[in-house]
Protein chains: 2
Amino acid sequence: MKRPTLEVVAARAGVSKSSVSRVINGETTVAPQIRDVVMRAVHELGYVPNGAARNLVTRRTDTLAVVVSDPPQGVVSDDPLFSAVVRAVSRELETAGKRLVLMLAESDQSRTRVEQHIAGGHVDGVLLVALHGADPLPAALARQGLPVVSFNRTSAPNVPYVALDNAGGAALAVRHLLERGRRRIATITGPLELYEARERLDGYRDTLRDTGRRSIVALGDFTRASGAAAMRQLLEDDPDLDAVFAANDLMAIGALRTLHQAGRRVPEDVAVVGFDDIEAASYTTPALTSVRSPMADQATAAVHLLLGLIDGGPTSPVIMPNELVVRESS
Amino acid sequence: MKRPTLEVVAARAGVSKSSVSRVINGETTVAPQIRDVVMRAVHELGYVPNGAARNLVTRRTDTLAVVVSDPPQGVVSDDPLFSAVVRAVSRELETAGKRLVLMLAESDQSRTRVEQHIAGGHVDGVLLVALHGADPLPAALARQGLPVVSFNRTSAPNVPYVALDNAGGAALAVRHLLERGRRRIATITGPLELYEARERLDGYRDTLRDTGRRSIVALGDFTRASGAAAMRQLLEDDPDLDAVFAANDLMAIGALRTLHQAGRRVPEDVAVVGFDDIEAASYTTPALTSVRSPMADQATAAVHLLLGLIDGGPTSPVIMPNELVVRESS
DNA sequence: TCGCCTCCGGGGAGCGTTTTCTCGCGGCCC
DNA sequence: GGGCCGCGAGAAAACGCTCCCCGGAGGCGA
């Protein structure tokens with residue numbers, strides 16, 4: 001089951017390797033007649049260029065890595081948005097004629113493997129997803145001199161990113177609750193090592209502070225379970241609260257469950273607003289009000305930024321806008 | 001920013017390229033003293049072997065492709081289990097020292113690209129996920145002479161697979177509903193081009209037939225929206241039904257929503273059982289009874305099967321068992 | 001008609017590895 | 001003590017492709 005090589009095709013077509021190569025790569029300086037005979041030979045033999053050999057000389061791989069830096073619990077990769085991001089990235093690369101290799105970096109060991117892989121020249125660029133603020137990976141990768149784009153704000157200086165307006169989104173949510181006449185508005189945060197979580201918390205705090213109200217904060221980690229637990233905590237600490245802003249939808253779903261178990265009506269007793277507007281948000285009871293994260297758009301933007309970077313383009317960060325989707329829970 | 005090559009390492013260590021290569025590849029026929037001096041040079045220079053060059057001569061890439069054959073709507077890749085599968089596969093390959101390239105085949109065009117990529121020698125094997133029964137891809141890939149494992153049963157003859165006991169799982173669900181005293185048990189199916197969907201329907205039908213009861217079937221496509229729509233249909237067609245078996249949890253969630261809107265109590269009026277036991281199943285109101293699909297285990301098994309295949313192992317299909325997780329909805 | 005310029009095709013040198021083959025040296029057995 | 005065997009290291013040939021460089025042919029202008 002040996003695949004034919006350039007040389008075999010050349011022999012069959014009765015031309016030189018060079019000509020075949022030119023035809024394959026779509027160069028225009030080749031006579032139509034030669035082009036045709038080469039194409040025929042290619043089809044007859046089912047020739048497909050060997051990737052390794054091509055990479056070796058061109059130093060391009062047409063492959064981009066998506067590196068997901070994530071603790072073993074899988075905070076990020078468990079997120080429903082993960083699929084959406086992967087899909088959007090995949091499609092975008094598809095149209096650009098690039099390939100996608102996905103690497104999860106869960107441990108130091110796998111982080112090293114990622115770096116080795118990058119250093120091994122297997123990819124032309126890296127899209128980093130959802131890292132902790134202090135993650136050493138972005139800086140390490142950027143040091144390799146390879147184009148890197150982060151899917152979040154990051155502490156590494158020279159790494160361009162595409163981020164949500166997290167603080168703005170949180171402000172949207174809180175102002176909405178205030179307009180609904182809510183007085184005691186609590187929040188459930190994400191893991192504060194993540195920029196997104198911190199920014200959403202900041203947006204919540206700043207908005208409340210502007211109106212002279214007090215913050216009521218419980219810590220979560222972006223999982224349903226943590227949302228449920230944080231909600232229990234909040235009810236215990238502050239039984240009079242009348243609204244909750246959860247820093248993502250999964251935690252909001254957990255909170256809804258706790259509220260239901262505690263006999264609180266939503267939204268009559270307690271209003272709930274989430275963040276991300278994942279599909280499940282429309283299917284909770286009651287349906288969840290949420291700040292929409294345009295994840296697919298963000299992914300597309302990130303890919304474009306990265307592709308631009310590879311072609312030597314500019315590196316300006318991009319901030320995505322967001323909007324509030326009001327449903328029954330608030 | 002040029003990376004050092006084998007040759008400069010050899011020069012630095014004062015040995016031949018061959019020796020460096022041997023050290024890098026962990027061959028034992030090299031004197032400890034040489035080994036040390038090479039290792040030192042490697043570390044000092046931060047040498048990492050060039051992948052393309054290595055692939056070119058070894059004809060191995062240490063890379064496996066996960067090909068997701070999926071219509072553009074993203075039936076599969078939208079599924080929460082998709083993340084779980086990707087995570088499990090990624091981890092398993094990590095420990096095996098392999099890399100993962102993810103390819104979504106949504107259109108004929110991208111299908112061709114996938115085939116080209118495979119033919120280009122970029123990967124050592126392929127793991128096919130969630131294809132339609134009539135998908136031409138498995139057969140096409142198998143024809144390339146490359147190890148292929150399917151994540152579902154497939155129509156291609158020579159492609160080994162790892163599958164769930166879908167019919168058995170459906171039977172579990174239906175028998176459970178019968179034991180609860182339900183008489184009119186409906187089902188919402190997945191898209192019947194998928195083997196899984198057909199098998200789950202068969203399991204439902206056969207179990208009911210054994211007890212002499214009538215089947216009540218509505219078609220869905222594994223999405224929440226289709227579950228909600230199918231449930232509306234069912235209520236209209238057969239207002240007296242007292243139980244529903246949905247062929248996956250997403251559709252069950254959609255059905256719950258419709259039942260809630262229609263004022264039916266779950267489980268008092270209508271019992272609901274889903275399939276897959278995704279995490280969201282624990283967080284619905286009421287919590288959803290579901291047939292657990294051991295997706296992570298299935299993914300692990302599939303990877304093992306594929307790795308075994310690459311090393312020339314046997315190709316026996318694997319069937320995963322499943323179990324019923326009873327919660328509040330039934 | 002001749003010469004020069006242009007354009008197109010071929011030859012061949014690399015790209016960075018692995019791997020085979022060869023060679024030298026030392027030890028062991030007779 | 002000599003010959004043979006085996007082990008470890010180096011030289012060099014691939015692997016399949018791209019791309020530079022050169023040569024030949026054809027066209028056009030003088």
Side-chain angles (χ1 to χ4, degrees), chain A residues 1-42 45-63 116-124, chain B residues 1-39 41-42 45-63 99 116-124:
Chain A
M1 205 57 179
K2 195 156 164 15
R3 304 213 61 85
T5 73
L6 233 201
E7 193 140 18
V8 176
V9 177
R12 172 122 184 180
V15 299
S16 74
K17 293 195 304 174
S18 319
S19 297
V20 178
S21 175
R22 279 189 268 264
V23 171
I24 298 288
N25 293 290
E27 286 182 37
T28 52
T29 65
V30 48
Q33 170 198 0
I34 289 210
R35 217 192 74 88
D36 289 349
V37 63
V38 168
M39 288 305 272
R40 195 167 336 122
V42 165
L45 296 169
Y47 170 74
V48 176
N50 177 298
R54 175 178 274 179
N55 300 166
L56 182 56
V57 42
T58 60
R59 317 214 134 276
R60 279 180 302 94
T61 60
D62 289 336
T63 300
Q116 297 259 329
H117 183 247
I118 309 295
H122 290 275
V123 301
D124 297 340
Chain B
M1 206 58 179
K2 199 159 162 9
R3 304 214 60 86
T5 72
L6 233 197
E7 191 139 20
V8 332
V9 175
R12 172 124 183 178
V15 300
S16 73
K17 294 194 301 175
S18 319
S19 296
V20 177
S21 176
R22 280 190 267 262
V23 171
I24 298 289
N25 292 292
E27 286 183 36
T28 52
T29 67
V30 50
Q33 169 198 0
I34 289 209
R35 217 190 76 90
D36 290 348
V37 63
V38 168
M39 286 305 272
V42 165
L45 295 169
Y47 170 74
V48 177
N50 177 297
R54 176 178 274 181
N55 300 164
L56 182 56
V57 43
T58 60
R59 317 211 135 276
R60 280 180 301 96
T61 59
D62 289 336
T63 299
R99 275 178 289 274
Q116 296 259 330
H117 184 248
I118 308 295
H122 290 276
V123 301
D124 297 340

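Chain identifiers are assigned alphabetically (A, B, ...) following the order of the sequence lines, protein sequences preceding nucleic acid strands; residue numbering begins at 1 within each chain.
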Interatomic distance, [X] [atom1] vs [N] [atom2] [rounded to whole Å]:
{"X": "A/Ile24", "N": "D/dT18", "atom1": "CD1", "atom2": "C1'", "result": "12 Å"}
{"X": "B/Lys17", "N": "C/dT19", "atom1": "NZ", "atom2": "C1'", "result": "11 Å"}
{"X": "A/Asn25", "N": "D/dC20", "atom1": "CG", "atom2": "P", "result": "13 Å"}
{"X": "A/Asn50", "N": "C/dT17", "atom1": "CG", "atom2": "P", "result": "17 Å"}

Looking only at heavy atoms, what is the nearest atom pair of A/Lys17 and A/Ala10, with distance?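 For A/Lys17 and A/Ala10, the tightest heavy-atom pair comes out as N-CB, 3.8 Å.
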
Are more than 12 heavy atoms from other residues, nucleotides or ligands located less than 6.0 Å from atom CD of B/Glu7?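 Incorrect, the count does not exceed 12.
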
Out of [options], which has the shortest distance to the side chain of [X]?
{"X": "A/Arg54", "options": "D/dT18, C/dT17, D/dG16", "value": "D/dT18"}
{"X": "B/Ser16", "options": "C/dA13, D/dG10, C/dT17", "value": "D/dG10"}
{"X": "A/Ser18", "options": "C/dG12, D/dT18, D/dA11", "value": "C/dG12"}
{"X": "A/Arg22", "options": "D/dC17, D/dC20, C/dT17", "value": "D/dC20"}
{"X": "B/Val15", "options": "C/dT19, C/dG11, D/dG10", "value": "D/dG10"}

Just to be sure I understand the geometry, which residues of residues 56-63 of chain A put a non-hydrogen atom under 4.0 Å away from DNA chain C?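 Those residues whose heavy atoms fall under 4.0 Å from DNA chain C, taken from residues 56-63 of chain A in numerical order, are A/Leu56, A/Val57, A/Arg59.
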
Heavy atoms within less than 4.0 Å of DNA chain C: which residues of residues 29-38 of chain A have one? Give them sorted by number.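 Contacting residues: A/Thr29, A/Val30, A/Ala31, A/Ile34.
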
Between [X] and [Y], is there a donor-acceptor pair closer than 3.5 Å when you use the side chain of the first and the backbone of the second?
{"X": "A/Arg35", "Y": "A/Arg22", "value": "no"}
{"X": "B/Asn50", "Y": "A/Gly120", "value": "no"}
{"X": "B/Arg99", "Y": "B/Thr61", "value": "yes"}
{"X": "A/Thr58", "Y": "A/Arg54", "value": "yes"}
{"X": "A/Arg3", "Y": "A/Gly46", "value": "yes"}

When rounded to the nearest 0.5 angstrom, what distance separates CG in B/Asn55 from CG in B/Asp62?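 The CG atom of B/Asn55 sits 7.5 Å away from the CG atom of B/Asp62.
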
Toward the 5' end of DNA chain D, which comes first, B/Thr28 or A/Ser19, by nearest nucleotide?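 Mapping each residue to its closest nucleotide by heavy atoms, the 5'-most match is B/Thr28.
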
Taking OP1 and OP2 of D/dC17, is either one under 4.0 Å from a side-chain nitrogen or oxygen of A/Asn55?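 False: A/Asn55 side-chain N/O out of range (4.0 Å or more) of D/dC17 OP1/OP2.
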
In the structure I gave you, are the side-chain heavy atoms of A/Thr63 and A/His122 within less than 4.5 Å of one another anywhere?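 No; the side chains remain at least 4.5 Å from each other.
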
Could you say whether B/Ala52 or B/Glu27 is positioned toward the 5' end of DNA chain C, judged by the nucleotide with the nearest heavy atom to each?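 The residue closer to the strand's 5' end, by nearest nucleotide, is B/Ala52.
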
At less than 3.5 Å, do the side-chain atoms of B/Arg3 and the base atoms of C/dG16 form a donor-acceptor pair?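 Counting by modelled atom types and ignoring angles, no donor-acceptor contact under 3.5 Å is found here.
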
